[in-house]
Amino acid sequence: MRSIAVAASGLRAQSGRMRVIAENIANADSTGSKPGADPYRRKIPSFERSFDRDLEASVVGLGRVRPDASAFRTKFDPGHPAADTLGNVKLPNVNSLIEQVDMREAQRSYEANVNVVTATRRMISRTLDLLRA
């Protein structure tokens, strides 16, 4: 049961990571609400390890979600409502390609944890079948 609980912590962590990535993708084109205002800033999820005393095992969880400090992109569009006095619009520092790669990595990690849960359940079931015979 310990392996299922550890894998479940991985499932929760990767699920949280996917939520952050989805938020980044959803806001990839969000600009500031007024001229010169900062647009959406990309968020970067992190993981933290902790020791679960009940399980006597290390588990993982979603850690601090911090803002990406990289520079915003700019685009010359003097007619845009968020354009500054020079006609430049600040765009989010979100690169959709990077977000898609991160999402795929999170999905694969999620699937790996599901496979651990499935394999563990199968081993428990086979053990019970052997004990009944």
Side-chain angles (χ1 to χ4, degrees):
M1 296 312 261
R2 184 182 308 168
S3 62
I4 290 176
V6 170
S9 75
L11 289 170
R12 283 189 297 276
Q14 293 301 334
S15 176
R17 178 182 180 197
M18 286 189 273
R19 277 193 307 274
V20 172
I21 294 168
E23 181 181 336
N24 288 340
I25 292 170
N27 288 294
D29 294 322
S30 300
T31 60
S33 57
K34 57 187 175 184
D38 284 346
Y40 176 82
R41 185 171 289 279
R42 178 178 184 249
K43 295 178 181 174
I44 303 171
S46 65
F47 297 107
E48 61 183 24
R49 186 181 70 168
S50 61
F51 186 78
D52 187 319
R53 292 178 193 267
D54 295 334
L55 294 173
E56 296 181 355
S58 292
V59 294
V60 68
L62 187 64
R64 189 171 151 244
V65 177
R66 60 183 173 81
D68 184 349
S70 64
F72 293 119
R73 297 176 290 138
T74 57
K75 174 180 159 186
F76 181 72
D77 187 0
H80 194 282
D84 62 13
T85 56
L86 299 174
N88 293 318
V89 178
K90 289 182 185 177
L91 299 174
N93 58 349
V94 176
N95 182 331
S96 295
L97 182 60
I98 290 173
E99 298 303 325
Q100 289 174 7
V101 170
D102 285 350
M103 180 65 84
R104 187 65 187 144
E105 182 183 338
Q107 287 173 331
R108 288 191 180 201
S109 296
Y110 189 92
E111 290 168 5
N113 283 300
V114 168
N115 289 337
V116 168
V117 171
T118 303
T120 303
R121 288 182 61 213
R122 205 174 313 128
M123 286 189 301
I124 291 170
S125 176
R126 287 183 183 163
T127 301
L128 291 174
D129 289 343
L130 287 173
L131 292 173
R132 286 185 204 141

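Fair warning: this is a prediction, and the values are worked out from it, not measured in the lab.
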**Q.** Minimum-distance pair of heavy atoms, taken over all atoms of Ala22 and Met103
**A.** N-CE, 3.9 Å

Q. Just by distance, do the side chain of Ser9 and the backbone of Val60 share a donor-acceptor pair under 3.5 Å?
A. yes

Q) Do Met18 and Leu62 share a hydrophobic cluster, counting only Ile, Leu, Val, Met, Phe, Trp and Tyr and linking them when any side-chain heavy atoms are less than 4.5 Å apart? A) no

Q | Partners passing side chain to side chain donor-acceptor pair (under 3.5 Å) against Arg121 (at least two apart in sequence or in another chain) | A | none

Q) Can you list the residues that meet the side chain to side chain donor-acceptor pair (under 3.5 Å) rule with Asp102, with sequence neighbours excluded? A) Arg42

Q.
Is there a side chain to side chain donor-acceptor pair (under 3.5 Å) between Arg19 and Ser15? Walk through the geometry before answering.
A. CA-CA 6 Å; Arg19 277 193 307 274; Ser15 176; 3.3 Å; yes

Name the atoms and distances for all side-chain donor-acceptor pairs under 3.5 Å in residues 125-133, with sequence neighbours left out.
unit_1: Thr127; atom_1: OG1; unit_2: Met123; atom_2: O; d: 2.8
unit_1: Asp129; atom_1: OD1; unit_2: Arg132; atom_2: NH1; d: 3.3

(Q) Ignoring hydrogens and geometry beyond distance, is a side-chain donor-acceptor pair present between Asn88 and Thr74 at under 3.5 Å? (A) no

(Q) Donor-acceptor pair, distance only, cut-off 3.5 Å: does the side chain of Arg41 make one with the backbone of Asn93? (A) no

Q | Pairwise distance CD1(Ile98) to CD1(Ile25) - rounded to 0.5 angstrom | A | 11.5 Å

Q | Rounded distance [0.5 Å steps], NZ in Lys43 versus CD in Glu99 | A | 12.0 Å

**Q.** Arg73 side chain vs Pro92 backbone, donor-acceptor pair below 3.5 Å
**A.** yes

(Q) Can you list, by chain and residue number, the hydrophobic cluster partners of Tyr40 when the side-chain cut-off is 4.5 Å? (A) Val94

Q: Check salt bridge (charged side-chain N to carboxylate O under 4.0 Å, His left out) between Glu105 and all other residues, then give those that pass, not counting sequence neighbours.
A: Arg17

Q.
Test your reading of the model: is there a side-chain donor-acceptor pair from Thr120 to the backbone of Val116, 3.5 Å cut-off?
A. yes

Q | Close side-chain approach of Val117 and Asn113, heavy atoms under 4.5 Å | A | no

Q: Find the distance between OG1 (Thr118) and CD1 (Ile4) and round it off to the nearest 0.5 Å.
A: 9.0 Å

Under 3.5 Å, which donor-acceptor pairs link side chains of residues 29-37 to any protein atom two or more places apart or in another chain?
unit_1: Ser30; atom_1: OG; unit_2: Asn27; atom_2: OD1; d: 3.1

Q. Do the non-hydrogen side-chain atoms of Leu91 and Phe72 ever get within less than 4.5 Å of each other?
A. no

Q) Is there side-chain contact between Arg104 and Gln100, with at least one heavy-atom pair below 4.5 Å? A) no

**Q.** Smallest separation among heavy atoms of Phe47 and Gln14, with atom names
**A.** CZ-NE2, 3.6 Å

Q. Should Val20 and Leu11 be counted in the same cluster of Ile, Leu, Val, Met, Phe, Trp and Tyr side chains packed under 4.5 Å apart?
A. no

Q: Search all heavy atoms of Leu55 against all heavy atoms of Ala5 and return the closest pair with its distance.
A: CD1-CB, 3.4 Å

Q.
Membership question, hydrophobic clusters at under 4.5 Å side-chain separation (ILVMFWY): are Val59 and Val114 in the same one?
A. no

